[in-house]
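Here's the structure, in structure tokens; my notes come after.
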Amino acid sequence: NAGVTQTPKFQVLKTGQSMTLQCAQDMNHNSMYWYRQDPGMGLRLIYYSASEGTTDKGEVPNGYNVSRLNKREFSLRLESAAPSQTSVYFCASSGTTSGAYNEQFFGPGTRLTVL
Amino acid sequence: RKEVEQDPGPFNVPEGATVAFNCTYSNSASQSFFWYRQDCRKEPKLLMSVYSSGNEDGRFTAQLNRASQYISLLIRDSKLSDSATYLCVVIWGFKTIFGAGTRLFVKA
């Protein structure tokens, strides 16, 4: 039972390059999330998927796209990377998106540097 | 004003000390509240949920004050292993907002 897994762990891109961050969970959770974490700013929600087949924008969606491939997998794509997207990216999952018991489980993160 | 605000610290305390963190939130319709712990360069992990009546888990006590719109975390008998960043989380509807975190250093 791996929980939430993310690949890659580290990535360096040049400005304008594209890449996809992969996330998978084996907890049969309905909801999945992508966050970025920057120093002094806490985690900010990029996109979320309340259930398989649906995706919605979070607080900072510009420059990103997502795909909920199936119940297990939720990918984040940077079409044309910019230095402002240098950050640590976390994927998370939960049983539901709302309610008192919405504990989110996080993956280990991807450290992305855009030069 | 930020939707969720925390004192960034750092809080430097000796082992055995009691330390308290507060977190304020702006949306009175907020429904759910949590404290997460994040170790350096690691992912956040749930420490405890926060209930209206207050709740305790060993050395940790969480309180919610809806009238003043803040939640608190009290750590008693601090251990070296408590050194981490503590994030408060507030949820309303489908919106999850993390505070920027409070850093705690516990020293021998």
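Proteins come first, then strands; the chains are lettered A, B, ... in the order of their sequence lines, and each starts at number 1.
In this structure, A:Glu52 contributes its side chain and A:Arg72 its backbone to no donor-acceptor pair below 3.5 Å.
Residue A:Arg44: no heavy atom, backbone or side chain, is found under 4.5 Å from chain B. Proximity to chain A (any heavy atom under 4.5 Å) is shown, for B:Gln6, by neither the backbone nor the side chain.
Of all heavy-atom pairs between A:Ser94 and A:Tyr33, the closest is OG-OH, 2.7 Å. When all heavy atoms of A:Pro108 and A:Phe90 are compared, the closest pair comes out as O-CE2, 3.7 Å.
Distance check, rounded to the nearest 0.5 Å: OH of A:Tyr35 to SG of A:Cys91 gives 10.0 Å.
Interface check for chain B: of the options A:Gly107, A:Gly109, A:Pro39, A:Gly58, the most heavy-atom pairs under 4.5 Å are formed by A:Gly107.
Proximity of B:Asn27 to B:Glu3: side-chain heavy atoms (C-beta onward) are nowhere separated by under 4.5 Å.
Residues of residues 39-46 of chain B placed with any heavy atom under 4.5 Å of a heavy atom in chain A are listed by number as B:Arg41, B:Lys42, B:Glu43, B:Pro44, B:Leu46.
For B:Phe21 and B:Phe11, the gap between ring centers is short of 6.0 Å.
Ring-plane geometry between B:Tyr36 and A:Phe106 is classed as perpendicular, the angle between the planes exceeding 60 degrees on a 0 to 90 degree scale with a lower cut at 30.
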